[in-house]
Amino acid sequence: MERRYPTIKPSYSLLSVLYLLRMEDVAAVPLSEGPTSRRAVFGYSSLPKLMNLSPEDFDGFLEGPCERGAEKLDSFGLDDDVEKLLEAFKKRKLGFSLVNGKVRGEPRTILVSLVDIMGLYKTKQIASDMLVGEVSSPIFSMAGKSSIREALSAMFRLTHRTVFISGQRKYISDRSIIDRVFGPTSLDRIHEGSKTDVLDAKIGALDKMTPIEVGGRTSLQAAVLRLGDWGPCLAIKNKDEVVTAWDLVMKPWESGRLTISARP
């Protein structure tokens with residue numbers, strides 16, 4: 001997997017790393033800690049810590065070293081099997097891990113996520129005979145007047161990346177929340193020492209996405225092509241159900257119906 005991810009020193013400000021998460025299409029930013037990396041900053045490593053602070057402490061937390069908002073990730077070698085990686089995802093209920101090793105003689109840290117594994121459907125290095133209707137999950141929704149804080153608490157508890165707005169076929173994601181909480185307007189208020197809690201904003205006011213809809217008998221391979229870079233989920237036509245990257249990879253794996261081949 002040749003996809004490159006930025007790495008950053010543990011002493012850099014957390015805000016600079018969260019800016020990378022906002023602007024780049026990455027799930028997490030690994031910390032550069034010598035020849036190997038064991039920690040990374042991601043939405044669910046930093047947001048829970050922010051929730052435990054009072055609004056006047058937000059600025060100090062964001063301007064402080066990013067290692068305060070980091071967590072240790074599972075780490076593997078370049079020669080480890082994909083099966084070992086999937087078992088780590090399953091055990092931790094987290095869809096990415098670090099891979100450390102030498103590439104053409106140079107030490108490299110690679111972040112491998114479910115999106116990368118999902119892409120192996122396209123090269124036929126993984127396959128499944130399951131259909132999306134067999135792996136779909138019920139839509140989780142909350143009222144638009146719910147606060148970001150309330151939504152995050154539910155997302156952490158349920159390990160969801162998305163929340164649909166009640167009465168709408170639209171959803172917000174962890175990325176929508178990061179964009180709002182660490183957007184220019186919110187950061188200005190934080191820097192000014194505002195006592196207004198940015199986490200009190202209503203989720204109905206956040207940027208929302210409308211999922212692409214697919215039939216329940218769509219193959220997982222076809223669903224991957226539809227999902228692409230559009231967003232974190234697809235919706236099942238005429239049903240209150242969605243399909244995520246976790247559903248497309250981990251549910252076939254856990255069911256023993258994911259085939260992994262050595263080469264295309």
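Any value given below was found using the heavy atoms of this structure, including those in side chains, with hydrogens, waters and symmetry copies removed. We count residues from 1, following the sequence as given.
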Under 4.0 Å between a Lys/Arg side-chain N and an Asp/Glu carboxylate O for [X] and [Y]?
X: Arg169; Y: Asp240; value: yes
X: Glu71; Y: Arg92; value: yes
X: Arg39; Y: Glu33; value: yes

Roughly how far, to the nearest 0.5 Å, is [atom2] of [Y] from [atom1] of [X]?
X: Leu248; Y: Ile117; atom1: CG; atom2: CD1; value: 13.0 Å
X: Phe61; Y: Asn52; atom1: CZ; atom2: CG; value: 9.5 Å
X: Asp59; Y: Leu15; atom1: CG; atom2: CG; value: 8.5 Å
X: Glu241; Y: Ser137; atom1: CD; atom2: OG; value: 8.0 Å
X: Trp246; Y: Glu254; atom1: CH2; atom2: CD; value: 6.5 Å
X: Leu85; Y: Leu114; atom1: CG; atom2: CG; value: 8.5 Å

Do the non-hydrogen side-chain atoms of [X] and [Y] ever get within less than 4.5 Å of each other?
X: Met250; Y: Leu86; result: yes
X: Ile126; Y: Trp253; result: no
X: Tyr171; Y: Lys208; result: no
X: Thr218; Y: Val243; result: no
X: Phe182; Y: Val198; result: no
X: Val112; Y: Ser97; result: no
X: Leu120; Y: Thr123; result: yes

- Message: Can you see whether Asp207 engages Ser176 through a side-chain donor-acceptor pair at a distance of less than 3.5 angstrom?
- Response: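 Judged by distance alone, the side chains do not pair up.
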- Query: Would you say the side chains of Asn100 and Ser75 form a donor-acceptor pair under 3.5 Å?
  - Reply: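 Their side chains do contain a donor-acceptor pair, which is all the 3.5 Å distance test asks for.
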- Verify the ring-centre separation between Phe42 and Phe96: is it less than 6.0 angstrom? yes
Taking atom [atom1] of [X] as the centre, report whether more than 12 heavy atoms of other residues, nucleotides or ligands fall under 6.0 Å from it.
X: Lys202; atom1: NZ; answer: yes
X: Tyr12; atom1: OH; answer: no
X: Lys239; atom1: NZ; answer: no

Strictly distance-based, threshold 3.5 Å: is any side-chain N or O of [X] a donor or acceptor partner for the main-chain N or O of [Y]?
X: Arg149; Y: Met51; answer: yes
X: Ser13; Y: Pro65; answer: no
X: Asp197; Y: Leu199; answer: yes
X: Tyr121; Y: Ala222; answer: no
X: Ser45; Y: Gly69; answer: yes
X: Glu150; Y: Ser147; answer: yes
X: Arg217; Y: Val132; answer: no

- Begin with the C-alpha distance, continue with both residues' side-chain angles, and end with the deciding distance and a verdict on ring pair (Phe, Tyr, Trp, His ring centres under 6.0 Å) for Tyr44 and Phe156. CA-CA 8 Å; Tyr44 281 10; Phe156 296 152; 4.9 Å; yes
- Task: Run the numbers on Leu18 and Ser46 for side-chain contact (heavy atoms from CB on, under 4.5 Å), then give the verdict.
- Result: CA-CA 9 Å; Leu18 294 173; Ser46 52; 3.6 Å; yes
- Applying side-chain hydrogen bond (donor to acceptor under 3.5 Å, both in side chains) to Asp57 and not counting sequence neighbours gives Ser54
- Task: For Arg257, check side-chain hydrogen bond (donor to acceptor under 3.5 Å, both in side chains) against everything at least two apart and list the hits.
- Result: Asp129, Glu134
- Looking at Val242 and Pro138, what are the two nearest heavy atoms and their distance?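 Between these two residues, the closest heavy atoms are CG2-O, 4.5 Å.
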